[in-house]
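Presented below is the structure to which this report refers.
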Amino acid sequence: MELDGKTAIVTGGSSGIGRAIADAYVDAGADVVIANRTASEGEAAADDLGCRFVQTDVSEYAQVESLVEATVDEFGGLDVMVNNAGIGSESTVTEMELDEWERVVSIDLDGVMYGTKTALPHLMESEGSIVNIASIYGLVGGKGAAAYSAAKGGVVNFTQQVAVDYADDGVRVNSICPGFVETPMTKPLLETERFYNYVKGETPMNRPAQPAEIAPMAVFLASDHASYITGANIPIDGGWTAH
Ligand code: NAD
């Protein structure tokens, strides 16, 4: 199996895209630890998927450090860090309260940096890899998502920077930039006709994605098949950024 013998952490692994990735990693033979803020949701998902759960708020550096330490203590190392946990936001700059900016950036950007900083020493030992979940909004502007776009744009450039800095150490760093995916994050938006039509209209494939359409790329990027791929920000967007 593609990830046999590898240990992976998937933040936000109890729901949506992260859950599909954790599921696919378990199927590919990896030992998987999922990390979420909410214990009940995380424990239930870990039971369903056959993986471990460590309660973690990715916007708290000490908690991310403990997550990585607990994983390394249990499995003897770390091969793959998936920085997936995130929240959405839908405000323009003038609509946005300052605390929305701070909340979104602390989870969607600081959380990715914390996961990267705490995982890197172990990934340098294992010659492992990082998969960040960015967004098409990190590549192009969207509609009214100022804080989210700033954070995801940060993830895209951070991915390239860390890839360059640690290529000599054998660590590969890539991101996936999904278009709209049907998950608990987007469900309330996609249930409104106006927003669903906006997504349909902007997507040449005329539909949002399912989480299972994102997960195979996360398996590939973490596997030895991707041994020469680093610093890539890969859209999986039904053609959104091509048009
Ligand atoms: P989701 O809401 O289904 O899942 C997000 C997960 O992150 C949840 O498990 C949640 O508990 C966890 N989480 C949130 N804040 C956290 C925190 N502070 N600490 C730890 N865990 C936390 O959403 P999703 O759509 O699956 O999103 C997953 C990732 O994909 C996010 O980074 C999101 O920005 C990105 N993304 C989603 C879409 C989409 O259309 N759904 C598109 C592009 C990118």
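All ligand and atom numbering here is 1-based and tracks the order in the structure.
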Got the residues with a heavy atom under 4.0 Å of ligand 1, by chain and number? Gly12, Ser14, Ser15, Gly16, Ile17, Asn36, Arg37, Glu41, Thr56, Asp57, Val58, Asn84, Ala85, Gly86, Ile87, Ile107, Ile133, Ala134, Ser135, Tyr148, Lys152, Pro178, Gly179, Phe180, Val181, Thr183, Pro184, Met185, Thr186

Does anything in residues 2-52 pair up under ring-ring contact (aromatic ring centres under 6.0 Å, His included), and if so which pairs, sequence neighbours excluded? none

The criterion is ring-ring contact (aromatic ring centres under 6.0 Å, His included); which residues satisfy it with Tyr61, sequence neighbours excluded?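 Tyr61 satisfies ring-ring contact (aromatic ring centres under 6.0 Å, His included) with Tyr114 only.
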
Just to verify, what does Ile234 make a side-chain contact (heavy atoms from CB on, under 4.5 Å) with, not counting sequence neighbours?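 With neighbours one apart ignored, the set is Met217, Leu221, Ala232.
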
Please report the C-alpha distance between Glu41 and Ser15 in whole Å, then the side-chain angles of each, then the deciding distance to 0.1 Å, and finally whether the side chain to side chain donor-acceptor pair (under 3.5 Å) criterion is met. CA-CA 8 Å; Glu41 185 186 309; Ser15 163; 4.7 Å; no

Plane angle bin for Trp240 and Phe180 - parallel if under 30°, tilted between 30 and 60°, otherwise perpendicular: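 The arrangement is tilted - the two ring planes meet at 30° to 60°.
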
Hey, could you give me the CG/CG distance between Asn197 and Leu190, rounded to the nearest 0.5 Å?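 If I round to the nearest 0.5 Å, the distance is 10.5 Å.
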
